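Keep in mind that the numbers below use all heavy atoms, side chains included, and drop hydrogens, waters and symmetry copies. Values in this document were obtained by computation on a predicted structure and should not be read as measured data.
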2 protein chains.
Amino acid sequence: MKIGELARRTDCRVVTIRYYEREGLLPEPARSEANYRLYGEAHVERLAFIRHCRALDMTLDEIRALLDCHDHPDRPCHEADALIDAHLDHVAARIAQLQALEGALQALRARCQGQHSAAECGILDALAHPPEDAVANASADGDHVAGVHPRL
Amino acid sequence: MKIGELARRTDCRVVTIRYYEREGLLPEPARSEANYRLYGEAHVERLAFIRHCRALDMTLDEIRALLDCHDHPDRPCHEADALIDAHLDHVAARIAQLQALEGALQALRARCQGQHSAAECGILDALAHPPEDAVANASADGDHVAGVHPRL
DNA sequence: GACACTTCCTATAGTGACTATAGGCATTGC
DNA sequence: GCAATGCCTATAGTCACTATAGGAAGTGTC
């Protein structure tokens with residue numbers, strides 16, 4: 001099949017497939033006479049694997065490591081386990097962080113009901129002079145779980 | 001004060017301050033004879049405002065909008081309110097998403113206790129052939145709240 | 001005054017995981 | 001024969017920074 005069908009079957013953009021190829025996550029496929037990429041079922045499976053990992057918010061580096069396990073079925077799978085564990089930790093940490101953030105935002109929101117001018121707005125005031133601890137715990141500590149504005 | 005002191009007082013890197021200036025979030029300060037940037041208390045306050053917003057994971061565009069409100073105290077503050085509301089929605093959505101993700105990862109993790117070879121590993125198997133719905137709800141829907149791997 | 005060390009300056013490129021654009025060839029349907 | 005679509009490559013842009021290079025100015029010690 002050509003790249004468009006692969007894209008349709010894996011719910012992945014065509015450009016993204018080519019990007020994965022450049023990044024070495026997908027092997028270079030055969031080419032037609034017209035130089036079109038030609039894929040088989042193995043490619044569908046591998047791309048599906050990648051997209052599932054991405055849906056779980058793993059980085060391409062993490063996925064590379066998992067694919068490496070996948071490509072060496074004779075080796076033990078401690079690595080894969082450890083990777084998932086570490087990733088779980090990151091996700092849990094990020095959730096806690098965002099919940100703190102949600103609390104801070106709700107407190108902020110409660111300070112204004114929209115009836116004032118900006119000069120009297122409790123929100124703007126609080127942002128200019130926050131109560132010290134309100135925001136302290138909400139900021140990330142480099143734990144590799146992304147901020148509030150994803151791309152996907 | 002010079003840029004280093006401003007950075008220390010606001011817990012913000014020097015390069016980041018210059019970046020905010022280039023982005024128009026901070027006004028260009030006065031310069032010393034040696035061309036060093038010279039800041040006053042107004043800059044400290046404005047930068048603190050920006051950093052608090054960033055700690056709440058707002059984008060620079062959102063912050064620009066809030067600063068615009070801040071800079072026009074005579075105007076009503078509906079905009080600021082609406083912005084915080086929208087941001088809260090995004091954070092809440094992201095939390096829900098990550099919790100779904102956490103569940104999917106825990107289910108995944110439970111499939112292997114690390115005693116197998118990669119060929120028998122339940123994790124790798126599940127990633128290659130997931131049970132359809134497991135991952136479906138975990139993937140983002142472009143709601144602008146970032147993925148699992150932040151930078152900050 | 002000579003030297004090292006730190007702080008400051010500008011400009012440019014890199015990060016991750018894509019997305020967008022330009023310019024062009026191949027295929028398909030009418 | 002022609003337009004619409006799909007495919008190709010290559011390059012640049014996204015966001016919020018971070019890193020690096022190369023140099024000038026200020027500070028402290030001998």
Give every pair of a protein N or O atom and an N or O atom of nucleotides 3-5 of chain C that lie under 3.5 Å apart, one pair per line with the distance.
none

Does the [X] side chain pair with the main chain of [Y], one donor and one acceptor, at a distance under 3.5 Å?
X        : Y        : result
His87(A) : Leu56(A) : yes
Thr16(B) : Cys12(B) : no
His43(A) : Gly40(A) : yes

Between Arg46(B) and Tyr39(B), a side-chain donor and acceptor under 3.5 Å: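 No pair is found: no donor N or O on one side chain lies under 3.5 Å from an acceptor on the other.
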N or O in side chain of Arg51(A) less than 4.0 angstrom from dC18(C) OP1/OP2: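 So the side-chain polar atoms of Arg51(A) do come within 4.0 Å of the phosphate oxygens OP1 or OP2 of dC18(C), strictly under.
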Phosphate contact (dC15(D) OP1 or OP2) by Tyr19(B) side-chain N/O below 4.0 Å: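 No, Tyr19(B) has no side-chain N/O under 4.0 Å of OP1/OP2 on dC15(D).
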Pair Glu28(A) + Arg37(A), salt bridge at N-O below 4.0 Å: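 Here Glu28(A) does not pair with Arg37(A) in a salt bridge, since their nearest N and O are not under 4.0 Å apart.
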salt_bridge(Arg94(A), Asp57(B)) N-O dist < 4.0 Å: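 So Arg94(A) pairs with Asp57(B) through a salt bridge.
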Just the rounded figure in Å: distance from [atom2] of [N] to [atom1] of [X].
X        : N       : atom1 : atom2 : answer
Met58(A) : dG16(C) : CE    : C1'   : 17 Å
Ile63(B) : dC15(D) : CD1   : C1'   : 12 Å
Asp61(A) : dC18(C) : CG    : C1'   : 15 Å
Glu23(B) : dT18(D) : CD    : P     : 14 Å
Arg13(B) : dC9(C)  : CZ    : C1'   : 19 Å
Leu56(B) : dA16(D) : CG    : P     : 14 Å
Ile17(B) : dC9(C)  : CD1   : P     : 10 Å
Ile50(A) : dC18(C) : CD1   : C1'   : 14 Å

Partners meeting salt bridge (Lys or Arg N to Asp or Glu O under 4.0 Å) with Glu5(B) (sequence neighbours left out): none
CD1-CZ distance between Ile63(B) and Arg54(B), expressed to the nearest 0.5 angstrom: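 If we round to the nearest 0.5 Å, Ile63(B):CD1 and Arg54(B):CZ are 6.0 Å apart.
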Reported CG-to-CG distance for the pair Leu66(A) and Leu25(A), which is rounded to 0.5 angstrom: 11.0 Å
Closest listed nucleotide, where the reference is the side chain of Arg54(A) and the choices are dA16(D), dT19(C), dC18(C):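 Side chain of Arg54(A) sits closest to dC18(C).
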Closest-nucleotide ordering on DNA chain C, the 5'-leading residue of Glu33(A) and Thr16(A):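 The answer here is Thr16(A).
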Base versus backbone protein contacts along nucleotides 4-10 of chain D [heavy-atom cut-off under 4.0 Å; B, S, -]: --BSSB-
